[in-house]
Amino acid sequence: QVQLVESGGGLVQAGGSLRLSCAASGRTFSSYAMGWFRQAAGREREFVAAITRWSGGTYYADSVKGRFTISRDNAKNTGYLQMNSLKPEDTAVYYCAAATLSGASLSSTEYAYWGQGTQVTVSS
C-alpha cells in the first residue's frame, strides 16, 4: 500500500499560481500511476490531471489544459501539480490519488489510494 499527503494549498488571487505536492510513503511510488482530483463545495469530485509511473504520459481535464502541469519525482516519492492562471472556479479541495496502473486513468474508481486533500481558494 501507499499513503499520500497533500500540501501547498492556500488562498490566492485570480491569475496567481500555486504548486501542490503529494508526498507518498509505503510502497515504492514508481509502482503507481498518480492522479489529481478536486471537489468544490456542493459538487461531485472531478478529474484534474493524471500521470503515468515514469512520466511517459500526462492527461488533463479540458478546464485546466494550458494552465496546470502535473509532474512527479519518483526518487523523492513526490507528485506535483503546478497551477497557473488560477480562476475562482478552480476553488476546491484538491486530492492526489494513486493507482496500480501501467498507464493512467481519468476515472476516480481506478484509484485505490487517496490523500486527505488540501484546500485551494481563488479570490476575485
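The analysis underlying the following values was restricted to heavy atoms, covering all of them including side chains, and did not include hydrogens, waters or symmetry mates. FYI, the numbering just counts along the sequence from 1. Every value quoted in this text rests on a predicted model; they were computed, and no experiment measured them.
- Between Y111 and F37, the ring centre distance stays below 6.0 Å.
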Could you check D73 against Y80 for side chain to side chain contact (heavy atoms under 4.5 Å, CB included), going step by step and ending with a plain yes or no? CA-CA 8 Å; D73 187 338; Y80 304 95; 4.1 Å; yes
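- With contacts defined as side-chain heavy-atom distances shorter than 4.5 Å, the pair V5/Q116 does not qualify.
- The salt bridge (charged side-chain N to carboxylate O under 4.0 Å, His left out) contacts involving residues 46-55 comprise R38-E46, where partners must be two or more places apart or lie in separate chains.
- Closest non-hydrogen pair, Q39 versus R43, comes out as NE2-O, 3.1 Å.
- Side-chain contact between Y59 and T52: present, with at least one pair of heavy atoms (C-beta onward) separated by less than 4.5 Å.
- R67 has its side chain within reach of D90: a pair of non-hydrogen atoms, C-beta onward, lies under 4.5 Å apart.
- Between V48 and L81 the shortest side-chain heavy-atom distance falls below 4.5 Å.
- Judged by the 6.0 Å and 45° rule, R72 forms no cation-pi pair with W54.
- Judged purely by distance below 3.5 Å, without hydrogens or angles, the side chains of S107 and S105 never pair a donor atom with an acceptor atom.
- In terms of heavy-atom proximity, N74 sits nearest to S30 at ND2-CB, 3.5 Å.
- Residues Y60 and D62 fail the side-chain proximity criterion, which asks for heavy atoms closer than 4.5 Å.
- Scanning both residues, A98 and L4, for their nearest heavy atoms gives N-CD1, 3.7 Å.
- Counted within 6.0 Å of CD on Q3, heavy atoms from surrounding residues, nucleotides or ligands total 12 or fewer; the atom is thus considered open.
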Can you give me every donor-acceptor pair (side chain of residues 17-28, partner residue at least two apart or in another chain, under 3.5 Å) with its distance?
from : atom 1 : to  : atom 2 : distance (Å)
S17  : OG     : N84 : OD1    : 2.9

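- Here Y94 contributes atom OH and T118 contributes atom OG1; the two are 10.5 Å apart, rounded to the nearest 0.5 Å.
- Cluster annotation: W114 is connected to V93 through the hydrophobic network of ILVMFWY side chains, with a link wherever side-chain heavy atoms come within less than 4.5 Å.
- Looking only at distances, no side-chain donor or acceptor of S31 sits under 3.5 Å from a matching main-chain atom of F29.
- Taking CD of Q119 as the start and CD of E6 as the end, the distance is 12.0 Å to the nearest 0.5 Å.
- To the nearest 0.5 Å, atoms CH2 (W36) and CE (M83) are separated by 8.0 Å.
- Using a 4.5 Å heavy-atom cutoff, the side chains of M34 and I70 are in contact.
- E89 places none of its side-chain heavy atoms less than 4.5 Å from the side chain of T91.
- Minimum heavy-atom separation, A33 to A104: CB-CA, 4.2 Å.
- Take Y32 and apply the ring-ring contact (aromatic ring centres under 6.0 Å, His included) test, not counting sequence neighbours, and it matches Y113.
- Side-chain contact between F68 and S85: absent, with no pair of heavy atoms (C-beta onward) separated by less than 4.5 Å.
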